[in-house]
> 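Let me give you the structure first, and then I'll get to my questions.
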Amino acid sequence: DQQVKQNSPSLSVQEGRISILNCDYTNSMFDYFLWYKKYPAEGPTFLISISSIKDKNEDGRFTVFLNKSAKHLSLHIVPSQPGDSAVYFCAAAGTSYGKLTFGQGTILTVHP
Amino acid sequence: DAMVIQNPRYQVTQFGKPVTLSCSQTLNHNVMYWYQQKSSQAPKLLFHYYDKDFNNEADTPDNFQSRRPNTSFCFLDIRSPGLGDAAMYLCATSRKGLAGDNEQFFGPGTRLTVL
């Protein structure tokens, strides 16, 4: 039973354009959502997060949108850069101690 | 730089031969986690320590054990590795582990191969 799903295994975008990565969840107890970025041979690194009391959080080129009624969140990267090419994981947490449930990841490739 | 270190980065073991993976942190975080990630799948939490308090996930096989002798170190022991245990093992830490403060810091992972 996969509670966090990233339905697109991969996404290819031209440099300078917008990248939109999507994530759906099923557990209504989740109240905190995070995006992680992972380069090959490295561990995931935290990118941006959003609490369920908000519907948008922005940090530079990265914006996360949360639609609680649809149990959907998305990560927008504008403008996309070749250095953004990586695997992006969506993760969700509820009230239990720091436990994160991850999606399976989306491979983003940004072409020069 | 404060960080999460995993050794070794690559580990090869034989079917049934016990293996230990290690993780250390210089962040002084309360919580340490072990995840298993198989190819093209989501990282799956195996267990975590909140200080010395051990928390096992319900579906973590008995074959997997963990030790945390002090704040800085945490070990993953696989007592009898099977071919299905070949995966990337990720260690992570977080400061408090409570909801709303869930940012976890990951090590680079140990890739385990079982022959």
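Chain A is the first sequence line, chain B the second, and so forth, proteins listed ahead of strands; every chain is numbered from 1.
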> Name the member of A:Ala41, A:Ser51, A:Pro44 that forms the most heavy-atom pairs with chain B at distances under 4.5 Å.
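When all of A:Ala41, A:Ser51, A:Pro44 are compared, A:Pro44 has the most.
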
> Please state whether the side chain, the backbone, both or neither of B:Arg111 comes within less than 4.5 Å of a heavy atom of chain A.
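The answer is neither part of B:Arg111.
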
> Distance check, rounded to the nearest 0.5 Å: A:Tyr88 atom OH versus A:Thr106 atom OG1?
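If we round to the nearest 0.5 Å, A:Tyr88:OH and A:Thr106:OG1 are 10.5 Å apart.
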
> Testing A:Tyr25, A:Tyr36, A:Trp35 one by one against A:Phe102 for a ring pair (Phe, Tyr, Trp, His ring centres under 6.0 Å), which residue passes?
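Running ring pair (Phe, Tyr, Trp, His ring centres under 6.0 Å) over A:Tyr25, A:Tyr36, A:Trp35 with A:Phe102 returns exactly one hit, A:Tyr36.
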
> Considering only heavy atoms, which portion of B:Gln37 lies under 4.5 Å from any heavy atom of chain A: side chain, backbone, both, or neither?
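When you check distances to chain A, only side chain atoms of B:Gln37 fall under 4.5 Å.
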
> From B:Phe73 CZ over to B:Arg68 CZ, what is the distance, rounded to the nearest 0.5 angstrom?
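Interatomic distance, B:Phe73 CZ to B:Arg68 CZ, rounded to 0.5 Å: 11.5 Å.
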
> Would B:Tyr33 and B:Phe106 count as a close aromatic pair, with their ring centres under 6.0 Å?
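Not close enough - the centres of the two rings lie 6.0 Å or further apart.
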
